[in-house]
Amino acid sequence: MSAVPSSPPSGLSARPPGIERILLIGTGAIGVSQLPSFIGLLKFGYGFDVAACLTTAGRDFVSPRALATLTGRPVVPAVWPAESGPEHVEWADWAQGVIVWPATLDFLSRCAFGLADSLPAAIVLSTTAPVVFAPSVAAGAAQSGPFRRALRILRQDGHGVVGPVTGLAVSSGELSPGACAPPEAVVEELTARLRVATSVTATEETAIDVRHQVPADAERTESTAHDAG
């Protein structure tokens with residue numbers, strides 16, 4: 001049996017007091033195959049209680065059974081089970097913080113424009129908890145108008161966006177923009193937002209200016225593979 005560390009890995013901020021429950025959503029980009037490692041960071045590095053949710057496409061890249069084993073609970077389904085209640089509301093209320101890693105252009109766009117046609121998207125659109133997106137898109141999409149518009153809307157709605165960064169494109173094996181930001185950067189962004197959300201002395205200016213800065217494109221290279229819409 002492994003004990004949960006009382007502090008995060010060296011150099012990373014401690015989780016805010018009173019915050020325990022994180023919902024981690026994975027979508028259909030190749031980087032979702034690394035979700036088990038991310039769960040380990042959240043659970044054993046920070047001591048969070050973690051639930052995992054996969055979109056239908058995300059289930060093609062990572063085993064729900066593996067995620068259930070790590071989190072200790074079944075993976076949240078991609079669609080509402082037959083004769084179920086408002087499951088999206090239940091999970092939206094359960095989560096004290098939500099991370100979408102990796103976030104495809106399709107999922108980003110659906111959340112930006114309020115299309116709650118899947119359980120993961122409905123959770124994001126229903127929660128009042130801080131939400132952080134880590135985009136993973138094809139190199140061309142990273143420069144496109146639809147992608148920039150989606151990110152602008154999500155930020156205007158108060159959500160956090162970290163990345164994308166430069167990484168290996170699975171289609172060519174070459175370094176290009178569009179890769180998912182590393183888990184540590186995403187957790188730092190979320191914990192910053194959680195501190196603001198739980199601080200009774202936070203000013204409105206502080207609440208707005210909590211975006212974690214990740215060096216853009218050529219300034220930073222990550223090993224995360226990408227190429228997803």
Side-chain angles (χ1 to χ4, degrees), residues 21-35 38 50-62 64 67 74-164 177-181 186 189-190 193-194 197 208 211 224 226-229:
R21 302 186 301 273
I22 300 298
L23 178 64
L24 183 58
I25 299 175
T27 70
I30 187 64
V32 78
S33 61
Q34 300 178 35
L35 215 58
F38 201 163
V50 185
C53 179
L54 292 171
T55 63
T56 299
R59 289 171 176 256
D60 291 335
F61 293 105
V62 65
L67 303 189
V75 172
V76 180
V79 296
W80 286 266
E83 300 181 0
S84 69
E87 203 162 328
H88 60 295
V89 175
E90 295 170 7
W91 281 109
D93 291 343
W94 178 88
Q96 294 174 308
V98 178
I99 295 173
V100 185
W101 188 98
T104 61
L105 178 55
D106 179 79
F107 194 81
L108 290 165
S109 298
R110 291 180 181 279
C111 292
F113 294 101
L115 303 179
D117 55 352
S118 70
L119 189 50
I123 292 171
V124 170
L125 293 170
S126 300
T127 191
T128 58
V131 180
V132 175
F133 295 87
S136 177
V137 298
Q143 310 299 326
S144 70
F147 178 67
R148 294 197 301 269
R149 283 194 294 274
L151 295 195
R152 183 172 65 250
I153 292 171
L154 291 171
R155 285 173 171 143
Q156 288 173 348
D157 287 345
H159 300 310
V161 179
V162 183
C180 199
V186 178
E189 166 74 3
L190 180 65
R193 289 176 173 271
L194 288 170
I208 294 173
R211 186 171 304 148
T224 306
H226 66 109
D227 267 5

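Note that these values count all heavy atoms, side chains included, but never hydrogens, waters or copies made by symmetry. This is a predicted model, so every value here is computed, not measured.
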**Report entry** Closest heavy-atom pair and its distance - Val186, Ala134
**Finding:** CG2-CB, 3.9 Å

Requested in this report: Run the numbers on Cys53 and Leu23 for side chain to side chain contact (heavy atoms under 4.5 Å, CB included), then give the verdict.
Outcome: CA-CA 7 Å; Cys53 179; Leu23 178 64; 4.1 Å; yes

Query raised in the report: If every non-hydrogen atom of Trp91 is compared with every non-hydrogen atom of Ala51, which pair is closest and at what distance?
Result: CZ3-CB, 3.6 Å

Indicate every side-chain donor-acceptor pair of residues 121-131 with a distance under 3.5 Å to a residue at least two apart or in another chain.
{"residue": "Ser126", "atom": "OG", "partner": "Ala122", "partner atom": "O", "Å": "2.7"}
{"residue": "Thr127", "atom": "OG1", "partner": "Ala92", "partner atom": "O", "Å": "3.0"}
{"residue": "Thr127", "atom": "OG1", "partner": "Ala129", "partner atom": "N", "Å": "3.1"}

**Report entry** Thr27 side-chain N/O to Pro102 backbone N/O, donor-acceptor pair under 3.5 Å
**Finding:** yes

Query - Minimum side-chain heavy-atom gap Val161-Leu108 below 4.5 Å - result: no

Query - Expected output: side-chain Gln96 to main-chain Arg21 donor-acceptor under 3.5 Å - result: yes

Requested in this report: Mind checking the CG-CG spacing from Leu35 to Leu24? Nearest 0.5 Å is all I need.
Outcome: 4.5 Å

Query - Results of salt bridge (charged side-chain N to carboxylate O under 4.0 Å, His left out) for Arg59 - residues two or more places apart only - result: none

**Report entry** Pairs flagged by salt bridge (charged side-chain N to carboxylate O under 4.0 Å, His left out) wherever residues 110-121 is involved - sequence neighbours left out
**Finding:** Asp106-Arg110, Arg110-Asp117

Report task. Would you sort out whether Thr104 and Thr55 count as a side chain to side chain contact (heavy atoms under 4.5 Å, CB included), showing the intermediate values? Result -> CA-CA 11 Å; Thr104 61; Thr55 63; over 6 Å; no

Query raised in the report: Taking the inter-plane angle between the rings of Phe107 and Phe133 on a 0 to 90° scale, is it parallel (under 30°), tilted (30 to 60°) or perpendicular (over 60°)?
Result: tilted

**Report entry** Donor-acceptor contact present, side-chain Trp101 to main-chain Val132, <3.5 Å
**Finding:** no

Query - Spatial distance of atom CG (Leu194) from atom CD (Glu189) [nearest 0.5 Å] - result: 10.0 Å

Report summary line: For Leu119 and Val79, the nearest pair of non-hydrogen atoms, with its separation, is CD2-O, 4.0 Å

Requested in this report: Could you tell me which non-hydrogen atom of Phe147 sits nearest to which non-hydrogen atom of Ala142, and how far apart they are?
Outcome: CD2-O, 3.4 Å

Query raised in the report: Got a sec, which pairs hit salt bridge (charged side-chain N to carboxylate O under 4.0 Å, His left out) with one end in residues 119-132, sequence neighbours left out?
Result: none

Report summary line: So ring-ring contact (aromatic ring centres under 6.0 Å, His included) across residues 108-127, not counting sequence neighbours, yields none

Report task. Kindly write out the residues that satisfy side-chain contact (heavy atoms from CB on, under 4.5 Å) with Ala112, not counting sequence neighbours, or none if the list is empty. Result -> Ala150, Ile153, Leu154

Query raised in the report: Heavy atoms, side chains only, cut-off 4.5 Å: are Glu87 and Pro77 in contact?
Result: yes

Query raised in the report: Taking atom CZ of Arg149 and atom CD of Gln156, what is their separation to the nearest 0.5 Å?
Result: 12.5 Å

Query raised in the report: So which heavy atom on Ala116 is nearest to which on Trp80, and how close?
Result: O-CH2, 3.8 Å

Query raised in the report: Can you name the nearest heavy-atom pair linking Pro177 to Gln143, along with the distance?
Result: CG-NE2, 3.8 Å

